[in-house]
Novice: 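Sending over a structure as structure tokens; questions will come in a sec.
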Amino acid sequence: AYSKLEKEMDNLNLIIAGPDEGYKSFLQSLCIELGLIDSVTFTGFISDFSVYVDADLLVYPSSYEIFGLVPFESLMCGTPVIVVDKTGCGDLIKESKSGLTVSYGNIDQMKDAIKYIFENKTESNRMVENGIYFVKNNLSWSKIVNEYENLIYEGLKKILNGFDEAYIRTSDLKTDKFRNLENSPKGIEQNPFMGLHGIKFGLKYPEILKSELMAIKRISLLGKKVGILLPQITSVEEVLEIKRYLKELNFENFDLGIIV
């Protein structure tokens, strides 16, 4: 799509940002074949929002994302977006009228969408404003955390139907396991038992952990006896911090166990 568009418009530059994931050499060869090597830049992984701010347009052609944050981060930086339809973020972009959607693999449709964004600044700005409004009212951190709590609560309630007592473990998210997911940490844990997972992940992101504890508290209020299991505990201080969270949540009737 970019190679076709370059023949129709001047002063274009394509920035391909993100980790290699085994595709960079293929893409570089394709750029050489299409005569684009001088106008295409590969930045690798970028951890801040500067790439959104500096761009005039974000194209997010992924076809398999259940939900992608990238387009919404771009909109919050004031940059219009084009995404693939029939994906999680594509449906939301279309619903909120905050960008253009195209069919995966449709080169001409993608080219025309990019050209439309560049040639219709007023409409592009309107879509960005729609996106900012949508994010602020639907994707705020507090709203996401509340939905996470409710999801855990409803799941536990269903699983524990018929049981009067249960031990429930808080999340044990090992970072190595999620390296290939969007926005996940890219480093490799030299010692998985000491890495950012288990209770260490919860303590770094306390609102997530507190939502899990609150969901367990709500289960206890149904009359069930609950125990809380804390995974990958390595210090007394970690246990004391969790106890402070539980006190803050007025969670009193529970047993507490640790996994070391």
Side-chain angles (χ1 to χ4, degrees), residues 1-94 98-121 123-124 127-128 131 135 174-189:
Y2 177 72
S3 65
K4 288 188 173 184
L5 191 63
E6 199 181 41
K7 296 179 176 65
E8 300 179 15
M9 302 185 71
D10 298 324
N11 301 317
L12 292 179
N13 289 282
L14 176 62
I15 308 297
I16 299 179
D20 186 330
E21 303 292 359
Y23 292 103
K24 183 177 179 180
S25 60
F26 166 76
L27 292 174
Q28 287 177 323
S29 297
L30 187 61
C31 288
I32 293 172
E33 179 184 332
L34 295 173
L36 302 174
I37 198 65
D38 292 331
S39 65
V40 177
T41 301
F42 294 86
T43 66
F45 177 72
I46 297 178
S47 59
D48 58 39
F49 294 139
S50 61
V51 66
Y52 300 132
V53 176
D54 294 338
D56 296 304
L57 168 66
L58 171 86
V59 177
Y60 193 65
S62 177
S63 64
Y64 55 86
E65 296 287 355
I66 296 175
F67 178 83
L69 283 176
V70 170
F72 300 105
E73 291 173 340
S74 177
L75 288 166
M76 293 303 291
C77 291
T79 302
V81 302
I82 298 173
V83 302
V84 172
D85 61 9
K86 298 180 181 178
T87 60
C89 65
D91 292 339
L92 292 176
I93 291 294
K94 184 180 294 185
S98 56
L100 298 182
T101 60
V102 299
S103 299
Y104 180 73
N106 192 322
I107 295 173
D108 288 330
Q109 192 180 30
M110 176 66 80
K111 175 185 72 73
D112 292 341
I114 296 173
K115 191 173 183 179
Y116 179 88
I117 292 292
F118 286 145
E119 292 181 345
N120 295 271
K121 293 295 185 182
E123 177 64 12
S124 298
M127 288 189 285
V128 168
V135 170
K174 182 176 180 296
T175 54
D176 281 2
K177 191 180 298 183
F178 301 99
R179 287 180 65 240
N180 292 327
L181 295 181
E182 182 184 348
N183 295 321
S184 66
K186 303 304 177 185
I188 298 177
E189 294 180 3

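Computed from a predicted structure; not experimentally measured. Both backbone and side-chain heavy atoms feed into the values below; hydrogens, waters and symmetry mates do not.
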Novice: Can you find a pair of side-chain heavy atoms, one from Val40 and one from Tyr2, that are under 4.5 Å apart?
Specialist: yes
Novice: Nearest 0.5 Å please: distance from the CZ atom of Phe26 over to the SG atom of Cys31.
Specialist: 9.5 Å
Novice: Identify the two heavy atoms, one from Ser98 and one from Leu75, that lie closest to each other, and give their separation to 0.1 Å.
Specialist: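 Looking at all heavy atoms of both residues, the closest pair is O-CD2, 3.4 Å.
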Novice: Taking atom OH as the centre, does Tyr23 end up with more than 12 heavy-atom neighbours from other residues, nucleotides or ligands that are less than 6.0 angstrom away?
Specialist: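 Incorrect, the count does not exceed 12.
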Novice: As an exercise, state the distance from OH of Tyr60 to CD1 of Ile93, rounded to the nearest 0.5 Å.
Specialist: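 Between Tyr60 OH and Ile93 CD1, I get 10.5 Å after rounding to 0.5 Å.
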Novice: Within the side chain of Thr79, is there an N or O that forms a donor-acceptor pair under 3.5 Å with the backbone of Tyr52?
Specialist: yes
Novice: Under the side chain to side chain contact (heavy atoms under 4.5 Å, CB included) rule, what do Glu123 and Tyr116 come out as? Steps first, then yes or no, please.
Specialist: CA-CA 9 Å; Glu123 177 64 12; Tyr116 179 88; 3.5 Å; yes
Novice: Nearest 0.5 Å, please: how far is CD in Gln109 from CG in Leu100?
Specialist: 9.5 Å
Novice: With no hydrogens and no angle check, is any side-chain donor or acceptor of Ser124 less than 3.5 Å from a backbone partner on Asn120?
Specialist: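 Flag set: sc Ser124 to bb Asn120 pair under 3.5 Å.
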Novice: Could you tell me which non-hydrogen atom of Val83 sits nearest to which non-hydrogen atom of Gly90, and how far apart they are?
Specialist: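 Distance-wise, the nearest heavy atoms are CG2-CA, 3.6 Å.
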Novice: Could you pull out the closest heavy-atom pair between Thr43 and Gly18, with the gap in Å?
Specialist: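 Scanning both residues completely, I find the closest heavy atoms to be OG1-N, 4.3 Å.
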Novice: NZ of Lys86: more than 12 outside heavy atoms within 6.0 angstrom?
Specialist: no
Novice: To the nearest 0.5 Å, tell me how far Lys24 NZ sits from Ile16 CD1.
Specialist: 10.0 Å
Novice: How close do Asp85 and Lys94 get, counting heavy atoms only, and between which atoms?
Specialist: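 Answer, listing the atom of Asp85 first, then Lys94: CB-NZ, 4.2 Å.
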Novice: Going from CG on Leu5 to CG on Asp108, what distance comes out if it is rounded to the nearest 0.5 angstrom?
Specialist: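 Answer for the CG-CG pair, Leu5 versus Asp108, is 11.0 Å.
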Novice: For atom CD1 of Ile15, decide whether the heavy atoms of other residues, nucleotides or ligands shown that lie under 6.0 angstrom number more than 12.
Specialist: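 Counting other residues, nucleotides and ligands, CD1 of Ile15 exceeds 12 neighbours.
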Novice: If you take all heavy atoms of Pro80 and Leu57, which pair is closest and at what distance?
Specialist: O-CD1, 3.5 Å
Novice: Side chains of Asn106 and Met110, heavy atoms from C-beta outward: is any pair under 4.5 Å?
Specialist: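 No, side chains not in contact.
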Novice: Run Ile82 and Ile114 through side chain to side chain contact (heavy atoms under 4.5 Å, CB included) and show every step you take.
Specialist: CA-CA 8 Å; Ile82 298 173; Ile114 296 173; 3.7 Å; yes
Novice: Between CD1 of Ile37 and CG of Leu27, what distance do you get to the nearest 0.5 Å?
Specialist: 10.0 Å
Novice: Ignoring hydrogens, what is the shortest heavy-atom contact between Ala17 and Ile46? Give both atom names and the distance.
Specialist: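 Nearest pair, atom of Ala17 first, then Ile46: CB-CD1, 4.3 Å.
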Novice: Check whether any side-chain N or O of Glu6 sits under 3.5 Å from a backbone N or O of Leu12 as a donor-acceptor pair, and report yes or no.
Specialist: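 Checked: no pair found.
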